[in-house]
Amino acid sequence: MQSNQIRSVRGLFDRCVLIAMLTFSATHAFAADGKGTSAISLRGSVAVSCSVDLSGVRLTLEDLAADLEKVLGAKPRMVSPDAAQVVVSLDESLGAPESYRIDTEAGRVRIRGADELGVIYGVYRFSHEFLGVDPYWYFKDLEPESRETLDVPAGTVRSKPAAFGYRGWFVNDEDLLTEWKEGGGTRHIDYPFYGQVTHLDVIDRVFEALLRAGGNQVIPASFVDVMNEPEARLVQRAAERGLYVTQHHIEPLGVSHYGFENYWKARGKEYAFAYGSQPDQVREVWRAFAKRWYELVGDKVVWQLGLRGKGDRAIWLSDKSVDQAQAGRMISRAIAEQWEIVRSVDPRPMPPATSTLWHEGSKLMSQGALSFPKGVTIVFADNGPTQTMQADFQTTKRQDGRRYGVYYHIGFWNTGPHLLQGSRPDRIRHELNEVIAKGDTAYGIINVCNVREHVLGIQAATEIMNEGVAWSEADFWKRFAPPVLHDPYAKLLDCLLPIADDRIMQDGALVTSARRMLARYQAGQRVSKVLSPERRAHWKEELPRVVERLDQLAADYPADKLTPGERKFYDVHLLMQARLWRELYAFYLAVIEAEEEPTRLRDAESALERFLEIRKPAATGKWENWFRGDKKVNTPELMEKTRAARKKLEAA
């Protein structure tokens with residue numbers, strides 16, 4: 001989207017965006033009036049009218065057309081409003097930004113939105129409510145049921161205010177997404193996991209799901225460099241979809257260390273990112289990127305401020321000019337300078353800006369070492385491995401007039417869930433309810449990894465950001481999966497073993513621990529420094545039990561109780577997950593026991609072979625090559641390391 005196009009519709013967003021939107025934004029919770037009498041029956045090619053000429057609405061109408069064709073078997077036709085059965089329009093009199101209303105009466109469905117996002121949400125709600133299209137249909141493999149006739153009852157559906165103002169997803173650790181489809185473009189980054197840009201068709205499915213689910217902002221990738229055109233297109237596409245676009249805490253003003261290096265390389269120079277000793281070079285890149293971001297998406301940008309080191313580490317670990325003891329003062333100075341840069345390129349009276357307290361930021365905040373300009377939203381973060389809020393969230397005194405938010409992990413590499421789901425809805429509910437109770441709801445972003453494997457946690461967290469404390473886990477399960485699967489899902493989640501009171505043995509933690517043990521075997525060392533005798537004894541007792549429970553869960557296949565469409569969902573999102581967890585636990589047990597019985601590493605190899613075989617059906621059809629980008633867990637490499645360690649032990 002070009003900046004002049006964005007500015008042409010700025011009137012839709014100039015209602016004190018940061019304050020008014022955070023107070024009144026609408027969600028996918030609804031009040032319906034007068035339902036019961038059939039007001040209209042839709043058959044075949046539905047007549048649709050849309051008077052809203054905004055890019056996000058146009059793209060949403062394309063999705064509506066696909067939904068109607070799936071359900072009714074025919075593409076809709078665009079007609080004048082007087083001849084339409086479904087009329088889509090803008091109605092600023094609805095008031096609150098993002099609000100909408102669906103009225104069905106006199107043989108017509110009218111979908112009206114207060115602004116671009118309001119219209120988008122209204123259209124998607126119509127698809128969900130009346131066509132039966134699950135917001136996550138693409139990633140759940142759930143197609144809507146086809147019908148000859150669709151009866152839409154009389155009544156009104158109104159939007160309700162969302163619990164969180166800015167609310168959305170961070171597409172992070174996305175090794176499967178980036179490598180799935182060729183042709184997304186090349187990334188110029190000295191990092192082993194992201195050789196190419198996520199294909200536009202792929203990221204568009206993520207944006208579609210986010211909007212269908214009621215989200216309004218996105219970080220579209222890790223380490224985005226908008227000076228690289230394929231990456232700039234990701235940012236533009238998000239804005240074209242109607243989303244606000246924000247930045248990762250490792251890339252304030254859109255500048256990661258990799259982006260900084262690329263900027264100077266393009267100019268025939270080479271500088272280290274050294275804000276403490278060479279601030280002018282850093283400031284130049286901040287200004288250039290901020291200007292480029294605003295040119296790309298205009299008033300759709302939500303700025304991120306901060307100062308972090310290369311590779312998502314503390315600044316002093318890569319920038320030796322920053323003294324750790326004075327880091328709070330240095331980071332605060334950087335944030336103040338970034339804020340001035342934002343004010344120079346962004347003409348909004350109060351540009352939305354955030355600063356995320358991740359890792360050392362949390363500790364510095366607890367010490368009172370950080371300061372922030374007025375207008376900057378402070379974002380607290382959870383501890384990724386535990387998915388519980390960090391200490392500063394509890395201890396920080398909230399300032400009057402200051403806005404606060406949350407950054408929360410559904411996926412987390414390397415010691416959290418990555419290839420396998422590991423987020424429990426009850427824990428997500430507890431943590432986000434704590435956030436809501438403190439009033440830290442100006443901003444919410446969840447780390448969604450590759451999306452597909454983590455729809456369970458993503459849907460729960462996104463619904464809570466919309467519905468707030470009214471969210472019911474019991475009602476959530478009715479929306480997430482067919483009733484016959486609720487008990488199996490509960491059993492699967494109960495099989496995820498605790499490491500400690502606040503941690504679950506997720507696949508990232510398991511693989512990381514196993515790699516460390518295999519490395520010690522390869523070096524001819526014992527594993528006591530990796531796993532204590534007490535912990536080894538615990539796992540040797542617990543793992544066989546959970547493997548047996550997972551075997552039973554996989555055996556209890558409710559095939560006769562599922563429709564063909566539901567079976568596809570069950571096979572990938574529950575049965576396959578159970579079987580993969582089974583093999584991962586069996587692998588881990590064998591690695592532990594190999595210290596006393598080296599031949600057990602043959603069993604570990606066999607478990608990984610079964611793991612790779614089990615997941616093959618999940619990489620067929622539209623998902624062909626899905627696991628081509630498995631570079632973080634890197635199961636094939638894990639197999640080679642297991643084989644090498646086995647040979648070393650057997651030769652000893």
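All heavy atoms count here, side chains included; hydrogens, waters and symmetry mates do not.
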- [ ] Determine, stepwise, if the pair K568 / D571 fulfils salt bridge (Lys or Arg N to Asp or Glu O under 4.0 Å).
- [x] CA-CA 5 Å; K568 193 172 185 180; D571 285 351; over 6 Å; no
Residue pair [X] / [Y]: nearest heavy atoms and the distance that separates them:
X    : Y    : result
R452 : A618 : NH1-O, 2.8 Å
V48  : P76  : CG2-CB, 4.0 Å
A239 : S55  : O-OG, 4.4 Å
P352 : V301 : CG-O, 3.7 Å
L117 : Y244 : CD1-CE1, 3.9 Å
I120 : G242 : CD1-CA, 4.3 Å

Using a 4.5 Å cut-off on heavy atoms from C-beta on, say whether the side chain of [Y] contacts that of [X].
X    : Y    : answer
E453 : Q421 : no
F164 : V435 : yes
V171 : L177 : yes
V86  : V152 : no
V119 : T60  : no
V345 : W303 : yes
K140 : V572 : no
E251 : F289 : no

Test: [X] and [Y] ion pair at under 4.0 Å:
X    : Y    : value
E295 : K291 : yes
R241 : D204 : yes
E229 : R292 : yes

- Parallel, tilted or perpendicular: ring planes of Y136 versus W169, cut at 30 and 60 degrees: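 Y136 vs W169 ring planes: parallel.
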For this session: Could you go through the salt bridge (Lys or Arg N to Asp or Glu O under 4.0 Å) check for E208 and R212 one step at a time?
Result: CA-CA 6 Å; E208 175 195 338; R212 285 184 186 267; 2.8 Å; yes
Distance check, rounded to the nearest 0.5 Å: [X] atom [atom1] versus [Y] atom [atom2]?
X    : Y    : atom1 : atom2 : result
T149 : I40  : OG1   : CD1   : 11.5 Å
Q304 : H248 : CD    : NE2   : 8.0 Å
S146 : L131 : OG    : CG    : 12.5 Å
L54  : E116 : CG    : CD    : 5.0 Å
E231 : R233 : CD    : CZ    : 10.0 Å
L150 : Q85  : CG    : CD    : 10.5 Å

Does the side chain of R112 pick up a donor-acceptor pair with the side chain of S89 at under 3.5 Å? no
Report task. Ignoring hydrogens and angles, state whether a donor on the side chain of Q387 or S423 is under 3.5 Å from an acceptor on the partner side chain. Result -> yes
Might you work through the side chain to side chain contact (heavy atoms under 4.5 Å, CB included) test for K438 and F380, ending with a clear yes or no?
CA-CA 11 Å; K438 288 187 177 291; F380 297 104; over 6 Å; no
Derivation and outcome, salt bridge (Lys or Arg N to Asp or Glu O under 4.0 Å), residues D225 and R187: CA-CA 9 Å; D225 182 351; R187 300 192 73 176; over 6 Å; no
Exercise for review: For residues F130 and H128, establish whether the separation of their ring centroids is below 6.0 Å.
Suggested key: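 So the answer is no for these two rings.
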#### Entry: Pair W623 + Y138: ring centers closer than 6.0 Å
yes
Please check: side-chain N/O of R429 versus main-chain N/O of A460, any donor-acceptor pairing under 3.5 Å?
no
>> Quick check on H486: does its NE2 atom have over 12 non-hydrogen neighbours (other residues, nucleotides or ligands) under 6.0 Å away?
In response: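 Yes.
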| said: Counting only heavy atoms from other residues, nucleotides and ligands, does the tally under 6.0 Å from NZ of K622 exceed 12? | reply: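 Check passes, neighbour count above 12.
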Salt bridge (Lys or Arg N to Asp or Glu O under 4.0 Å) for E98 and R167? Distances and angles first, verdict last.
CA-CA 12 Å; E98 300 186 13; R167 54 198 182 278; 2.8 Å; yes
The test is side chain to side chain contact (heavy atoms under 4.5 Å, CB included); show your working for F480 and L456 and say whether it passes. CA-CA 7 Å; F480 179 75; L456 174 65; 3.6 Å; yes
